[in-house]
Amino acid sequence: MIKGETMKITEATYEDSGEGQDRYVNTSIKCTIENKSENTIEMSKGYALILDENDVVIANDAEREEESFAETNETYSVEYTPYIDYPSHIGDLSKLKSIVDVTSFRREFFKLGEYDCPQDHESSIKSDFTKETGDIRIHGIYMYQDKPYEDDTSDDRSISIRIYVRNIGDTYIEKVKAKVQLIDKEDAVIETGEDYRNVAPSSSNVITPYVSAKKGKLKGATLKVSLSIYYAVEHFHAEEPL
């Protein structure tokens, strides 16, 4: 991965409401990032710090995930708003400094198939679908209808999908996201469910999206399942006074 030199902080500002018991200080940090890689960027994850005049951190905005998008040589923007808990502890506002770190991610997308929807909680659908994407190995798909509570008289039903994945490589994978679409017999999407996990090297995890609908809508319905894997591409760092 590359330590990027193409991120700029275009705005780093604060707003001070003044003295008093209800005083607040808001901050805003805006950045533009140029994608110089050969990959299309589809997600970014950022961290922003506010430091006082003695370089002590007094506020942060951590793990801000964005659905950023930029093809090669295109730019995208991110924004952070670190929250200051105790404005009276800040000191000299004119000496505040911001530090921003951002990682960009590319996405690999896979269709995992379309399956009949389980019609009751006593049956399930098990697919022996297996796939190796390079770093991720998929070990089947397990779909079932959750058993209603004994006192539940409604027609609402939930369908759970379990996708077991293993990271067989030596790269930490920030995000593996499963998406399931519940499609009725007329081919209309009733509901969409998503779930995601990170997967460390030589480890496994289970991703469990679910969808729900009225019992009658499940007749003839199908479940369309897909998987998105996000790999880190570049790291960026920038600092600027507020």
Side-chain angles (χ1 to χ4, degrees), residues 39-43 45 65-69 105-233:
N39 301 286
T40 296
I41 300 305
E42 299 203 37
M43 186 180 82
K45 195 169 187 177
E65 190 175 288
E66 305 282 352
E67 291 185 355
S68 304
F69 183 86
F105 296 85
R106 65 182 178 87
R107 182 184 73 149
E108 290 186 1
F109 176 78
F110 301 95
K111 295 180 180 179
L112 304 189
E114 188 169 345
Y115 306 92
D116 292 335
C117 181
Q119 296 299 301
D120 56 57
H121 67 272
E122 296 180 346
S123 59
S124 64
I125 304 294
K126 294 181 181 180
S127 168
D128 60 358
F129 180 96
T130 56
K131 187 175 184 66
E132 193 169 309
T133 69
D135 291 311
I136 287 292
R137 181 177 291 163
I138 301 165
H139 286 272
I141 305 171
Y142 174 32
M143 295 156 278
Y144 60 93
Q145 187 178 128
D146 295 325
K147 183 178 179 179
Y149 293 109
E150 291 183 2
D151 59 349
D152 186 0
T153 59
S154 72
D155 289 332
D156 297 325
R157 296 291 184 269
S158 294
I159 308 297
S160 293
I161 296 87
R162 293 186 179 182
I163 303 169
Y164 293 88
V165 297
R166 288 174 55 217
N167 185 347
I168 57 176
D170 56 5
T171 301
Y172 180 87
I173 299 177
E174 180 70 26
K175 187 175 185 179
V176 181
K177 182 175 73 173
K179 178 179 179 180
V180 57
Q181 291 179 306
L182 178 61
I183 302 173
D184 67 16
K185 57 186 178 182
E186 296 179 349
D187 208 29
V189 176
I190 303 173
E191 189 176 81
T192 299
E194 294 182 352
D195 186 37
Y196 63 88
R197 295 287 187 274
N198 52 45
V199 191
S202 301
S203 70
S204 61
N205 218 328
V206 57
I207 311 172
T208 57
Y210 75 94
V211 290
S212 59
K214 296 296 183 182
K215 182 179 179 180
K217 283 186 170 290
L218 300 182
K219 295 178 181 179
T222 57
L223 300 166
K224 183 180 290 186
V225 186
S226 62
L227 200 71
S228 295
I229 305 172
Y230 294 85
Y231 293 93
V233 176

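Residue numbers run from 1 in the order of the sequence given. Side-chain atoms are counted along with the backbone in the values below, which use heavy atoms only and exclude waters and symmetry mates.
Annotation for Thr133 and Tyr231: closest pair OG1-OH, 4.1 Å, computed over non-hydrogen atoms. What you find for Ser203 and Ala200 is that their closest heavy atoms are OG-O, 2.6 Å. The shortest non-hydrogen separation linking Lys219 to Lys185 is O-CD, 3.9 Å. When all heavy atoms are compared, the tightest approach of Glu191 to Ser212 is OE1-N, 2.6 Å. Considering all non-hydrogen atoms of both residues, Asn198 and Asn205 come closest at O-ND2, 3.1 Å. Between Gly140 and Thr130, the shortest heavy-atom distance links the atoms N-CG2, 4.3 Å.
Using a 4.5 Å heavy-atom threshold, the side chains of Leu182 and Lys217 count as separate. Considering only heavy atoms from C-beta on, Lys45 stays 4.5 Å or farther from Lys175 through its side chain. Taking 4.5 Å as the limit, some side-chain heavy atom of Phe109 sits within range of a side-chain heavy atom of Ser226. Residues Ile138 and Val165 have side chains in contact (heavy-atom distance under 4.5 Å, counting atoms from C-beta outward). Residues Leu223 and Val211 have side chains in contact (heavy-atom distance under 4.5 Å, counting atoms from C-beta outward). Pro209 has its side chain out of reach of Lys179: every pair of non-hydrogen atoms, C-beta onward, lies at least 4.5 Å apart.
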Hey, mind stepping through Ile161 and Ile159 against side chain to side chain contact (heavy atoms under 4.5 Å, CB included) and telling me if it holds? CA-CA 7 Å; Ile161 296 87; Ile159 308 297; 4.2 Å; yes

Could you walk me through whether Tyr164 and Ser204 pass the side chain to side chain contact (heavy atoms under 4.5 Å, CB included) test, one step at a time? CA-CA 7 Å; Tyr164 293 88; Ser204 61; over 6 Å; no

Would Phe110 and Glu108 count as a side chain to side chain contact (heavy atoms under 4.5 Å, CB included) here? Give the steps. CA-CA 7 Å; Phe110 301 95; Glu108 290 186 1; 3.6 Å; yes

Between Val180 and Met143, is the side chain to side chain contact (heavy atoms under 4.5 Å, CB included) condition met? List the steps. CA-CA 11 Å; Val180 57; Met143 295 156 278; over 6 Å; no

Could you walk me through whether Asp156 and Lys214 pass the salt bridge (charged side-chain N to carboxylate O under 4.0 Å, His left out) check? CA-CA 5 Å; Asp156 297 325; Lys214 296 296 183 182; 2.8 Å; yes

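Taken from CD1 in Ile229 to CD1 in Ile136, the straight-line distance is 5.0 Å, to the nearest 0.5 Å. Note that the CG atom of Leu112 and the CG atom of Leu227 stand 5.5 Å from one another [nearest 0.5 Å]. Going from atom NE2 of His139 over to atom CZ of Arg166 covers 4.0 Å, rounded to the nearest 0.5 Å. Interatomic distance, Ser124 OG to Arg162 CZ, rounded to the nearest 0.5 Å: 11.0 Å. One distance of note links CZ of Phe69 with CD1 of Ile41; it measures 9.5 Å at 0.5 Å rounding.
The existence of a salt bridge linking Arg197 and Asp195 is confirmed by a sub-4.0 Å separation between a basic side-chain nitrogen and an acidic carboxylate oxygen.
Between the side chain of Gln181 and the main chain of Val189, no donor-acceptor pair closer than 3.5 Å is present. No side-chain donor-acceptor contact under 3.5 Å links Glu65 to the backbone of Met43. Judged purely by atom type and a 3.5 angstrom limit, Asn167 uses its side chain to pair as donor or acceptor with the backbone of Gly169.
The salt bridge (Lys or Arg N to Asp or Glu O under 4.0 Å) test with Arg107 singles out one residue from Glu67, Glu42, Glu174, and that residue is Glu42.
Within 6.0 Å of atom OH in Tyr196, 12 or fewer heavy atoms from other residues, nucleotides or ligands are found, so the atom counts as exposed in its surroundings.
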